[in-house]
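Below you'll find the structure, written out as structure tokens, and then a few comments.
Quick note: residue numbers are just sequence positions, from 1. Fair warning: this is a prediction, and the values are worked out from it, not measured in the lab. Values below: all heavy atoms of this structure, side chains included; hydrogens, waters and symmetry mates excluded.
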Amino acid sequence: MGWKILLPQELKKDARDLLESHGHTLIDGRGFETEDVIADMKEHKPDAIIVRITKMPRAVFEAAAPNLKVLVRHGAGYDAVDLKAAADYGVKCLYAPVANSTSVAETALMLMLYMSRNVTRLRDMLTVDFYDAKLKTYMTTLNGKTVGLIGCGNIGSRTAKRCLAMEMNVLCYDPYKPACDFPEGVEVVRDIERIFRESDYVSLHTPNTSVTRNMINKETLSMMKPTAFLINTARGAVVNEQDLYEACKNHVIAGAALDAVVHEPILPDMPLITLDNVLITPHVGGNTVEAAMRASYMAAMGIVEMYEGKEPTWPIPDIDYETAPVYTDTIKPDRKPVGMYDY
């Protein structure tokens, strides 16, 4: 008979076809807000759900019990899902960890280029004084600069490779990864303070955990160069936004480009949006057509696997970052770092 699968948001056609071809019934939800999902759970009693931006607290699982068996996150992040509540109610949680990795890595690089070329000033001055915009806008190249990546998983490693292609020096900090698993050409850093002190761009690629929450704060921002930029395509909660506001306003750092903020949708009175050295985009790093198609299909595959009694390919990992083992090994470069040329 198949399962009833609730879709609070759009699912791409190939994924819908896959699920329907396996006998499942798709229910297009009334909306993606948490209260919408709770209402749909009570009305339709689905066996599975594919969620994108919906927050999934305990109240959802209470409303879904005892029918809900599987939840799939349409993407890589899963901090909006109460995993403890899901486990308490026997709901298996899956995700699509590599579906949007390339798209987010490209977004990180785009934000670096945007800030390096001072595009905000170019745009604002273009019709005011063309030659002022052309001749008096301070701009820099990425070539030869140092980027420090905090987190080197699926997205961070792809960002590293793209920065290497731009002939940048790439420092990578990820205590949960052995040195041998870092991309070739990067320098593995075990002292996170080096990332802040030495980087021209600090790019965040970490999940929102008890360890990373508010990792970017007054203390760490004060370590950065006054010419450095912060890039965040990860999670808003990793950054203390009031501290970042003060740092950008007072030119402790050159600026910041954020694709994720603490409160989404953005609050209209958010101080950071008043600064011309801060760029905020609406969490679109993984929203390309190609990424959405991959995430939809991977989510559908997860449900098919679970229905057929197979071991799912992409279960959400159960990691306690407070106690997870960390690595201290490093790779010492045996050649001149990429991007360090004499001009």
Side-chain angles (χ1 to χ4, degrees), residues 104-105 107-109 111-113 115-116 140 142-164 166-241 243-244 247-248 251-260 278 285 321 324 326-333 337-340:
V104 179
T107 299
L109 190 62
L111 295 178
M112 292 179 210
L113 285 164
M115 301 308 286
S116 74
T140 60
L142 296 189
N143 173 273
K145 300 298 189 300
T146 296
V147 58
L149 307 180
I150 300 179
C152 197
N154 290 317
I155 296 170
S157 60
R158 286 167 171 78
T159 304
K161 292 175 182 177
R162 282 153 181 78
C163 291
L164 289 168
M166 298 294 287
E167 298 181 332
M168 302 180 77
N169 309 301
V170 183
L171 308 179
C172 290
Y173 173 84
D174 192 327
Y176 306 107
K177 188 170 187 171
C180 61
D181 288 348
F182 284 74
E184 183 179 353
V186 310
E187 181 179 351
V188 178
V189 173
R190 297 306 187 189
D191 176 7
I192 194 171
E193 291 190 6
R194 278 195 61 201
I195 298 292
F196 296 113
R197 291 195 308 265
E198 299 179 21
S199 301
D200 299 295
Y201 300 85
V202 173
S203 189
L204 307 178
H205 303 281
T206 71
N208 172 24
T209 72
S210 59
V211 175
T212 62
R213 200 165 298 125
N214 287 319
M215 171 186 286
I216 306 303
N217 52 47
K218 182 177 182 179
E219 180 182 0
T220 52
L221 289 164
S222 68
M223 298 177 192
M224 292 173 62
K225 301 177 183 180
T227 55
F229 294 98
L230 177 72
I231 308 295
N232 186 13
T233 55
R235 286 293 184 265
V238 178
V239 178
N240 182 309
E241 291 179 349
D243 288 355
L244 179 61
C248 292
H251 302 287
V252 174
I253 65 172
L258 314 172
D259 189 46
V278 174
Y321 286 95
V326 297
Y327 295 87
T328 58
D329 58 329
T330 60
I331 297 176
K332 296 185 182 300
V338 175
M340 292 294 287

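Counting heavy atoms from C-beta outward, Leu258 and Leu111 have side chains that stay 4.5 Å or more apart. Side-chain atoms of Met215 and Asn240, non-hydrogen and from C-beta on, never get closer than 4.5 Å to each other. Side-chain contact between Arg197 and Met224 is absent, with no heavy atoms from C-beta onward closer than 4.5 Å. Within the 4.5 Å cutoff, the side chain of Ile231 has no heavy atoms near those of the Val147 side chain. When side chains are defined from C-beta on, Leu244 counts as touching Leu221, because their heavy atoms get closer than 4.5 Å. In this structure, Cys248 and Val278 have side chains that are in contact, with non-hydrogen atoms separated by less than 4.5 Å. For the pair Ile195 and Val202, the minimum side-chain heavy-atom distance is below 4.5 Å. Here the side chains of Ile150 and Phe196 are in contact, with some heavy-atom distance below 4.5 Å.
A search for side chain to side chain donor-acceptor pair (under 3.5 Å) contacts involving Asn154 returns nothing, not counting sequence neighbours. In this view, Val252 and Ala247, Asn250 satisfy the side-chain contact (heavy atoms from CB on, under 4.5 Å) rule, not counting sequence neighbours. Contacts of Ala324 classified as side-chain contact (heavy atoms from CB on, under 4.5 Å), with partners at least two apart in sequence or in another chain: Tyr176, Ile319. The side chain to side chain donor-acceptor pair (under 3.5 Å) check on Ser203 picks up His205, with sequence neighbours excluded. Residues meeting the side-chain contact (heavy atoms from CB on, under 4.5 Å) test with Lys218, sequence neighbours left out: Asp243. In this structure, the side-chain contact (heavy atoms from CB on, under 4.5 Å) partners of Pro183, at least two apart in sequence or on a different chain, are Cys152, Ser157, Ala160, Lys161, Val186.
In this structure, CG on Asp200 lies 12.5 Å from CD1 on Ile253, to the nearest 0.5 angstrom. In this structure, OG1 in Thr107 is found 12.0 Å from CG in Asn232, a value given to the nearest 0.5 Å. From Leu204, atom CG reaches atom CG of Asp259 across 12.0 Å, with rounding to the nearest 0.5 Å. In this structure, CZ in Arg162 is found 11.5 Å from CE in Met112, a value given to the nearest 0.5 Å. To the nearest 0.5 Å, atom CD1 of residue Ile216 and atom CD of residue Glu241 are 12.0 Å apart. Put simply, CG on Leu109 and OG on Ser116 are 9.0 Å apart, with the number rounded to the nearest 0.5 Å.
Looking at Arg194, its side chain never comes within 3.5 Å of a backbone N or O of Val189 through a donor-acceptor pair. Thr146 places no side-chain N or O within 3.5 Å of a backbone atom of Ser199 that could act as its donor or acceptor partner. In this structure, the side chain of Asn169 engages the main chain of Gly144 through a donor-acceptor pair within 3.5 Å. Under a 3.5 Å cut-off, the side chain of Asp329 and the backbone N or O of Ala179 do form a donor-acceptor pair. Side-chain N or O atoms of Asn217 include one that pairs as donor or acceptor with a backbone N or O of Asn214 at under 3.5 Å.
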- [ ] Report the C-alpha distance between Thr212 and Tyr321 in whole Å, list the side-chain angles of each, state the deciding distance to 0.1 Å, and finish with yes or no for side chain to side chain contact (heavy atoms under 4.5 Å, CB included).
- [x] CA-CA 9 Å; Thr212 62; Tyr321 286 95; over 6 Å; no

Open item on the list: I'd like to know whether Arg190 forms a side chain to side chain contact (heavy atoms under 4.5 Å, CB included) with Tyr327, so could you lay out the CA-CA distance, the side-chain angles of the two residues, the decisive distance to 0.1 Å, and finally the verdict.
Closed with: CA-CA 8 Å; Arg190 297 306 187 189; Tyr327 295 87; 3.5 Å; yes

- [ ] Mind running side chain to side chain contact (heavy atoms under 4.5 Å, CB included) on Thr206 and Arg235 for me, showing each step along the way?
- [x] CA-CA 7 Å; Thr206 71; Arg235 286 293 184 265; over 6 Å; no

- [ ] Show your working on side chain to side chain contact (heavy atoms under 4.5 Å, CB included) between Tyr201 and Lys145 and close with a plain yes or no.
- [x] CA-CA 8 Å; Tyr201 300 85; Lys145 300 298 189 300; 4.2 Å; yes

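When all heavy atoms of Ala256 and Phe229 are compared, the pair lying nearest together is N-CD2, 4.4 Å.
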